[in-house]
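Structure record follows, encoded as structure tokens.
We use all heavy atoms of the structure for the numbers below, so side chains are in, but hydrogens, waters and symmetry mates are not. To find a chain, count down the sequence lines: A is the first, B the second, and so on, and within it residues start at 1.
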Amino acid sequence: GENVEQHPSTLSVQEGDSAVIKCTYSDSASNYFPWYKQELGKGPQLIIDIRSNVGEKKDQRIAVTLNKTAKHFSLHITETQPEDSAVYFCAASTGGNQFYFGTGTSLTVIP
Amino acid sequence: KAGVTQTPRYLIKTRGQQVTLSCSPISGHRSVSWYQQTPGQGLQFLFEYFSETQRNKGNFPGRFSGRQFSNSRSEMNVSTLELGDSALYLCASSLDIYQPQHFGDGTRLSIL
């Protein structure tokens, strides 16, 4: 089955700086890649997603890039704010609604 | 629009018992998926239901089962509970495949 690796596991940045989280996947048939933010005591919240026919997608301070050849995708958060502090998960799907998740990145934004 | 609702939020059981968790999807969503989240294994897919039929199944023992009703509400059942079943159980709903999944806040199950 699909295997998704996520790095780094923890990330600390100063407020206003950028944060980058990277994921790699193993199954070239994967074609949908969502990113989730999970705050303490809450379920994962979808923040952005990208499909395999698109190389990059942006939504305000958040962007995701996809390199199908290298089988990796990244989340970029610019102008980070303290409220961006959370655990972020990447995921991949080969079709259907069976998703494989990365192990998560705990992001801390230092005021 | 109301989000995904999971009940109960917290549950304490003992080994050998069984438990039923409930999930109400976002109105209009016909696909409901269940995940187990633990610190050691992360988020793992249990199964997905669409229009009352199980469409996908993860790699969990048969003690884990589910069903979906005609109104798309779903239940998950775990029988003969083991200590290792302690986890956050998350439900996610979507319109269909290739559509964004939206998660509830989960049911925290603790096994004593």
Side-chain angles (χ1 to χ4, degrees), chain A residues 1-10 21 23-27 29-54 57 59 62 64 66 73 75 86-106, chain B residues 2-7 9-10 21 23-26 29-51 53-60 66 68 72 74 87-108:
Chain A
E2 173 66 281
N3 181 46
V4 178
E5 294 190 358
Q6 182 172 346
H7 299 281
S9 56
T10 60
I21 302 170
C23 288
T24 60
Y25 60 98
S26 61
D27 193 335
S30 288
N31 51 25
Y32 176 59
F33 307 90
W35 285 89
Y36 289 89
K37 173 184 180 182
Q38 187 173 25
E39 297 173 320
L40 205 59
K42 300 276 192 179
Q45 175 192 3
L46 179 71
I47 56 172
I48 196 167
D49 57 7
I50 192 167
R51 300 183 191 277
S52 59
N53 59 347
V54 176
K57 184 176 179 180
D59 183 5
I62 295 173
V64 57
L66 171 65
F73 55 114
L75 177 71
V87 179
Y88 291 80
F89 292 95
C90 62
S93 171
T94 57
N97 277 341
Q98 181 164 358
F99 287 84
Y100 297 87
F101 283 81
T103 49
T105 296
S106 178
Chain B
V4 177
T5 304
Q6 291 188 247
T7 55
R9 288 297 313 277
Y10 303 93
L21 313 181
C23 172
S24 293
I26 292 172
H29 285 193
R30 296 165 65 190
S31 168
V32 174
S33 298
W34 288 89
Y35 292 84
Q36 182 194 66
Q37 185 175 30
T38 60
Q41 299 297 318
L43 272 154
Q44 292 187 290
F45 174 79
L46 280 154
F47 30 67
E48 183 224 0
Y49 286 86
F50 182 85
S51 293
T53 300
Q54 188 180 87
R55 193 160 62 172
N56 286 294
K57 188 177 190 304
N59 203 19
F60 277 81
Q68 187 180 34
S72 292
S74 177
L88 179 67
Y89 290 89
L90 293 160
C91 166
S93 76
S94 66
L95 285 167
D96 200 343
I97 60 173
Y98 302 118
Q99 298 297 316
Q101 284 196 328
H102 299 273
F103 283 83
D105 287 335
T107 294
R108 172 75 60 186

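Proximity to chain A is limited to the side chain of B:L88, based on heavy atoms less than 4.5 angstrom apart. Looking at B:Y35, the atoms closer than 4.5 Å to chain A (heavy atoms on both sides) all sit in the side chain, from C-beta outward. Interface residue B:D96: only backbone heavy atoms are found under 4.5 Å from chain A. Only the side chain of B:R9 has a heavy atom closer than 4.5 Å to any heavy atom of chain A.
Summarising the geometry, atom CG belonging to A:L46 is positioned 9.5 Å from atom CD belonging to B:Q101; distances are rounded to the nearest 0.5 Å. Once rounded to the nearest 0.5 Å, the distance linking CD of A:E39 with CG of B:D105 reads 10.0 Å.
Counting all heavy atoms, side chain and backbone alike, B:P100 lies closest to A:R51 at CD-NH2, 4.4 Å. Here the shortest heavy-atom pairing between A:G43 and B:L90 reads CA-CD2, 4.0 Å.
For A:N53, the CG atom is densely surrounded, since the number of other residues' heavy atoms within 6.0 Å is greater than 12. Few gaps surround NZ on B:K57; more than 12 heavy atoms of other groups in view lie less than 6.0 Å from it.
Against chain B, the residues from residues 31-38 of chain A that qualify, each with a non-hydrogen atom under 4.5 angstrom away, are A:N31, A:Y32, A:Y36, A:Q38 in number order.
Of the listed residues (B:Q99, B:Q44, B:H102, B:Q37), the greatest number of heavy-atom pairs within a distance under 4.5 Å of chain A belongs to B:Q37.
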